[in-house]
Amino acid sequence: MSVDVVTFGCRLNAYESEVIRREAEAAGLSDAVVINTCAVTGEAVKQARQTIRRLRRQRPDARIVVTGCAAQTDPKSFAAMPEVDRVLGNEEKISSAAWANIDANERIAVGDIMAVTNTALHRVDGIDGRARALLQVQNGCDHRCTFCIIPFGRGNSRSVPVNDLVAQARRLVANGYCEIVLTGVDITSYGANLPDAPRLGALVKKILNGVPELKRLRLSSIDSVEADADLLDAFGNDARLMPHLHLSLQAGDDLILKRMKRRHRRADAIAFCDSVRRLRPDMVFGGDIIAGFPTETEAMFGRSLDLVDECGLTQLHVFPFSPRPGTPAARMPQVAGEAIKDRARRLREKGAAALRRHLDAEIGTRRRVLTERGGISRTEQFTPVRMPTPVEPGVMLDVGIAGHDGRQLLAA
């Protein structure tokens with residue numbers, strides 16, 4: 001039997017899961033399941049534990065290996081689960097040596113992630129069934145937002161050299177990919193540890209200029225306060241850089257943003273969206289917003305609700321606040337659980353209304369889409385489109401938009 005990888009969380013985890021599968025199989029591992037965990041919320045950790053227990057019941061003889069951010073930050077709790085055979089850290093999970101030594105006696109192989117200072121390119125030439133290719137440009141985060149445990153799971157920011165990334169982008173296009181998504185933990189911090197400290201905008205321009213055959217380049221989540229002039233210039237001058245940005249906003253109230261230790265204020269987020277739209281009128285924005293951060297009053301929450309309209313967001317990722325052990329926010333006065341649930345519900349309703357307005361505006365247009373599995377395709381703005389009949393993934397098509405169902409567009 002092969003190695004199965006169950007992935008939780010972000011695009012970077014999905015990318016690394018392909019590296020895990022390759023390294024584990026190269027080491028001769030078989031009849032094994034690797035759970036690549038996420039630690040962003042307590043719910044994500046809970047779901048990983050439930051999955052581990054379920055998999056052990058379903059596959060009593062399989063080897064179960066747990067890795068990812070939750071394993072990195074709390075390895076002992078996973079090693080204490082009787083269902084788990086081995087726990088690997090985030091650096092170890094992509095190491096051929098760690099997989100070659102998988103039969104070692106100790107149950108935990110988790111190193112000091114803060115001691116890792118470099119990130120090499122791990123060539124992933126595609127993910128089975130995916131229409132777009134992921135390209136990891138950096139790992140880790142140098143910032144210490146008070147709610148976030150991820151720097152302790154990923155370490156400090158470190159980047160892959162520009163030339164390596166351009167070469168890999170060429171390989172991905174040669175393999176038939178029309179779209180590449182740049183991914184990482186904090187991609188707008190790209191380049192700080194490299195010679196001459198190239199910024200993300202310089203990398204984007206190098207890829208676009210160095211791989212003229214690439215039809216679409218997309219960015220994963222960014223921190224708008226770190227967006228550099230070259231990046232904005234690329235959005236304004238190269239249509240192959242997709243008009244969709246997902247912003248790490250987190251809140252719309254300045255005092256809450258300060259207590260989160262964020263580096264932007266409300267006015268910065270609004271001004272950024274306005275300035276990018278002037279450069280690229282077809283730009284759409286999504287955003288992450290936390291509901292019920294400690295000390296958040298109803299008036300403070302109202303400013304987060306208002307931010308959806310003031311930034312013109314079309315899609316929200318709503319996170320009910322979940323205290324992560326060891327973070328400063330976990331020691332702050334907490335908002336009542338019922339209030340958190342109610343605020344998360346209201347944010348989701350606000351996001352659903354914003355999405356419907358965007359979908360309404362698309363009716364009657366023609367859009368260039370990239371097909372995916374299951375009869376879905378995506379516009380340049382990453383809006384999902386239901387195709388009338390399934391199409392092979394990875395095909396670029398022009399389609400007319402006939403309507404929507406409140407969640408996705410419907411192709412004519």
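Atom set for the values below is all heavy atoms of this structure, side chains included, hydrogens, waters and symmetry mates excluded.
By the 6.0 Å and 45° rule, R49 stacks over the aromatic ring of F78.
Q250 places no side-chain N or O within donor-acceptor distance of the main-chain N or O of L257, the cut-off being under 3.5 Å. Side-chain N or O atoms of R218 include none that pairs as donor or acceptor with a backbone N or O of L241 at under 3.5 Å. The closest donor-acceptor contact from the side chain of Q334 to the backbone of A329 lies under 3.5 Å. In this structure a side-chain-to-backbone donor-acceptor pair under 3.5 Å is present from R56 to A62. No donor-acceptor pair under 3.5 Å is formed between the side chain of Y177 and the backbone N or O of A169. Distance alone, capped at 3.5 Å, places no donor-acceptor pair between the N90 side chain and the Q72 backbone. Side-chain atoms of S224 do not come within 3.5 Å of backbone N or O of A269 as any donor-acceptor pair. Side-chain atoms of T7 do not come within 3.5 Å of backbone N or O of N13 as any donor-acceptor pair. In terms of modelled atom types and a separation under 3.5 Å, the side chain of W99 and the main chain of A26 share no donor-acceptor contact. Between the side chain of S220 and the backbone N or O of L182 there is at least one donor-acceptor pair closer than 3.5 Å.
With respect to the salt-bridge test (charged N to carboxylate O, under 4.0 angstrom), the residues R280 and D282 qualify. Here E179 does not pair with K215 in a salt bridge; the nearest charged N to carboxylate O distance is not below 4.0 Å. We find that R22 and E18 are not joined by a salt bridge, their nearest charged nitrogen and carboxylate oxygen being 4.0 Å or further apart. Comment: R367 does not engage E380 in a salt bridge, judged by the lack of any side-chain N to carboxylate O separation of less than 4.0 angstrom. With respect to D230 and K205, a salt bridge is recorded, a charged nitrogen being found less than 4.0 Å from a carboxylate O. At a threshold of 4.0 Å, the pair K350-E310 does not count as salt-bridged, since none of the basic side-chain nitrogens sits closer than that to a carboxylate oxygen. Looking at R57 and E83, no side-chain N of the basic residue comes within less than 4.0 Å of a carboxylate O on the acidic one, giving no salt bridge.
Counted by atom type alone, Q138 and S159 present zero donor-acceptor pairs between their side chains at under 3.5 Å. A donor-acceptor pair shorter than 3.5 Å cannot be found between the side chains of T67 and N36. Judged by distance alone, the side chains of S189 and S157 do bring a donor and an acceptor atom under 3.5 Å apart.
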Before giving the answer on side-chain contact (heavy atoms from CB on, under 4.5 Å), spell out for L172 and L214 the whole-Å C-alpha distance, their side-chain angles and the decisive distance to 0.1 Å. CA-CA 9 Å; L172 291 168; L214 175 62; over 6 Å; no
Test N118 against R158 for side-chain contact (heavy atoms from CB on, under 4.5 Å), laying out the working first. CA-CA 6 Å; N118 294 298; R158 53 219 187 263; 5.6 Å; no
Check against salt bridge (charged side-chain N to carboxylate O under 4.0 Å, His left out), D398 and R368: CA-CA 4 Å; D398 289 314; R368 186 78 164 160; 3.4 Å; yes
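Taking every heavy atom of both residues into account, L194 and P198 meet most closely at CB-CD, 3.9 Å. The minimum heavy-atom distance between L88 and V110, with the atom names listed, is C-CG2, 3.9 Å. Residues Q168 and R171 share a closest heavy-atom pair of OE1-NE, 2.7 Å. Nearest heavy atoms, T146 versus T327: O-CB, 3.2 Å.
Remark: D103 pairs with R63 by the side-chain contact (heavy atoms from CB on, under 4.5 Å) rule, at least two apart or across chains. Remark: H358 engages no residue in a ring pair (Phe, Tyr, Trp, His ring centres under 6.0 Å) (not counting sequence neighbours). Every residue two or more places apart in sequence or in another chain was checked for a side-chain hydrogen bond (donor to acceptor under 3.5 Å, both in side chains) with R277, and none qualifies. The side-chain hydrogen bond (donor to acceptor under 3.5 Å, both in side chains) search around Q315 returns H317, not counting sequence neighbours. With sequence neighbours excluded, the residues satisfying side-chain contact (heavy atoms from CB on, under 4.5 Å) with R357 are D309, A353, A354. In this structure, F301 has no ring pair (Phe, Tyr, Trp, His ring centres under 6.0 Å) partners at least two apart in sequence or on a different chain. In terms of the ring pair (Phe, Tyr, Trp, His ring centres under 6.0 Å) criterion, F152 has no residue partners (sequence neighbours excluded).
Sequence neighbours left out, the pairs with a member in residues 321-340 that pass ring pair (Phe, Tyr, Trp, His ring centres under 6.0 Å) are F293-F321. Residue pairs that meet the side chain to side chain donor-acceptor pair (under 3.5 Å) test with at least one member in residues 294-303, sequence neighbours left out, are D253-R303, R259-T295, E296-R343, E298-R346. Residue pairs meeting the salt bridge (Lys or Arg N to Asp or Glu O under 4.0 Å) criterion with at least one partner in residues 315-327, sequence neighbours excluded, are absent. Within the structure, ring pair (Phe, Tyr, Trp, His ring centres under 6.0 Å) pairs that include any residue of residues 220-244 comprise H244-F382 (at least two apart or interchain). Applying the side chain to side chain donor-acceptor pair (under 3.5 Å) rule to pairs touching residues 399-409 yields D360-H404, D405-R407, D405-Q408, sequence neighbours excluded.
Looking at heavy atoms from C-beta onward, N156 lies in side-chain contact with M114 at the 4.5 angstrom threshold. Taking 4.5 Å as the limit, some side-chain heavy atom of C69 sits within range of a side-chain heavy atom of R154. Proximity of F147 to R262: side-chain heavy atoms (C-beta onward) are separated by under 4.5 Å at one or more points. The shortest distance between side-chain heavy atoms of I52 and V84 falls below 4.5 Å.
Between R263 and the choices D186, D223, D142, D268, the salt bridge (Lys or Arg N to Asp or Glu O under 4.0 Å) rule is met once, by D223.
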